[in-house]
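No hydrogens, no waters, no symmetry mates; every other heavy atom, side chains included, goes into these values.
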Amino acid sequence: MADRPIAKVLDTLSRRWSIPVIYAVAEGRCRFNDLHRHLEGINHKVLIETVYRLQRDGYLDGPLTAPGGRGRTDAPPYALTGLGWQLWGLIEDIDKWSKEREQYLVRAPAEFDRLAR
């Protein structure tokens with residue numbers, strides 16, 4: 001499975017800050033400092049690494065800042081690429097699906113734990 005394209009996508013989505021960064025850029029929060037202020041709990045280094053990886057994987061365009069580097073205040077904004085917008089559409093579909101099944105998704109683990117005792 002590791003060599004299949006889905007493994008790469010799931011690796012990207014499973015990283016803690018990937019979806020919040022994609023979500024923020026899709027909403028129009030496109031400058032590094034705006035992202036940093038908006039994403040509570042993310043530190044500067046982790047944001048740089050997340051943006052870098054999303055750029056490397058083809059989901060995000062914008063100023064190239066390698067891990068360990070510093071963001072530029074005069075840098076152009078970040079934007080989702082065509083691939084990034086397609087991924088965003090899938091994220092929105094999963095979000096809708098999970099909201100429609102929220103009661104089950106909350107109830108299922110509790111029911112399993114009750115039966116497993």
Look at atom CD of Gln103 and say whether more than 12 heavy atoms of other residues, nucleotides or ligands are closer to it than 6.0 Å.
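Atom CD in Gln103 is not packed in, count stays at 12 or less.
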Got a sec: does the CZ of Arg101 have more than 12 other heavy atoms crowding it under 6.0 Å?
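Yes - once you tally the heavy atoms of other residues, nucleotides and ligands closer than 6.0 Å, there are more than 12.
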Which atom of Ala26 lies closest to which atom of Leu80, heavy atoms considered
CB-CD1, 3.8 Å
Do you know which two heavy atoms are closest between Leu35 and Ala24, and how far apart they sit?
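So the minimum-distance heavy-atom pair works out to CD2-CB, 3.5 Å.
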Do [Y] and [X] meet the salt-bridge criterion of a basic N to acidic O distance under 4.0 Å?
{"X": "Asp11", "Y": "Arg15", "answer": "yes"}
{"X": "Glu102", "Y": "Lys99", "answer": "no"}
{"X": "Glu49", "Y": "Lys45", "answer": "yes"}

Where does the angle between the aromatic ring planes of His36 and His44 fall among parallel (under 30°), tilted (30 to 60°) and perpendicular (over 60°)?
perpendicular
Is it true that the side chains of Thr81 and Asp61 contain a donor and an acceptor less than 3.5 Å apart?
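Note: Thr81 and Asp61 side chains miss the donor-acceptor criterion.
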Start with the C-alpha distance between Glu100 and Lys96, add both sets of side-chain angles, then the distance that settles side chain to side chain contact (heavy atoms under 4.5 Å, CB included), and finish with yes or no.
CA-CA 6 Å; Glu100 291 170 351; Lys96 179 182 175 192; 3.0 Å; yes
Nearest 0.5 Å, please: how far is [atom2] in [Y] from [atom1] in [X]?
{"X": "Asp57", "Y": "Tyr52", "atom1": "CG", "atom2": "OH", "result": "10.0 Å"}
{"X": "Arg37", "Y": "Ile42", "atom1": "CZ", "atom2": "CD1", "result": "14.0 Å"}
{"X": "Glu111", "Y": "Arg107", "atom1": "CD", "atom2": "CZ", "result": "8.5 Å"}

I would like to know whether Tyr23 and His38 meet ring-ring contact (aromatic ring centres under 6.0 Å, His included); could you show each step before the answer?
CA-CA 11 Å; Tyr23 192 94; His38 177 71; 7.8 Å; no
Taking Gln55 for the side chain and Pro63 for the main chain, is one N or O donor matched with an acceptor at less than 3.5 Å?
yes
Please answer whether the main-chain N or O of Thr12 pairs with a side-chain N or O of Ser18 as donor and acceptor at a distance below 3.5 Å.
yes
Is there side-chain contact between [X] and [Y], with heavy atoms separated by less than 4.5 Å?
{"X": "Trp17", "Y": "Leu47", "answer": "no"}
{"X": "Leu13", "Y": "Leu87", "answer": "yes"}
{"X": "Val9", "Y": "Tyr59", "answer": "yes"}

Applying a strict under-4.5 Å side-chain criterion to I, L, V, M, F, W and Y, I'd like to know whether Ile91 and Leu83 cluster together.
yes
Report whether Tyr104 and Trp97 are members of the same hydrophobic cluster (ILVMFWY, side-chain heavy atoms less than 4.5 Å apart, transitive linking).
yes
With respect to Tyr78, which candidate in Val51, Val21, Asp34 satisfies the side chain to side chain contact (heavy atoms under 4.5 Å, CB included) definition?
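Among Val51, Val21, Asp34, the one meeting side chain to side chain contact (heavy atoms under 4.5 Å, CB included) with Tyr78 is Val51.
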Dump the intermediate steps for side chain to side chain contact (heavy atoms under 4.5 Å, CB included) on Val25 and Trp88, then the final yes or no.
CA-CA 10 Å; Val25 173; Trp88 172 241; over 6 Å; no
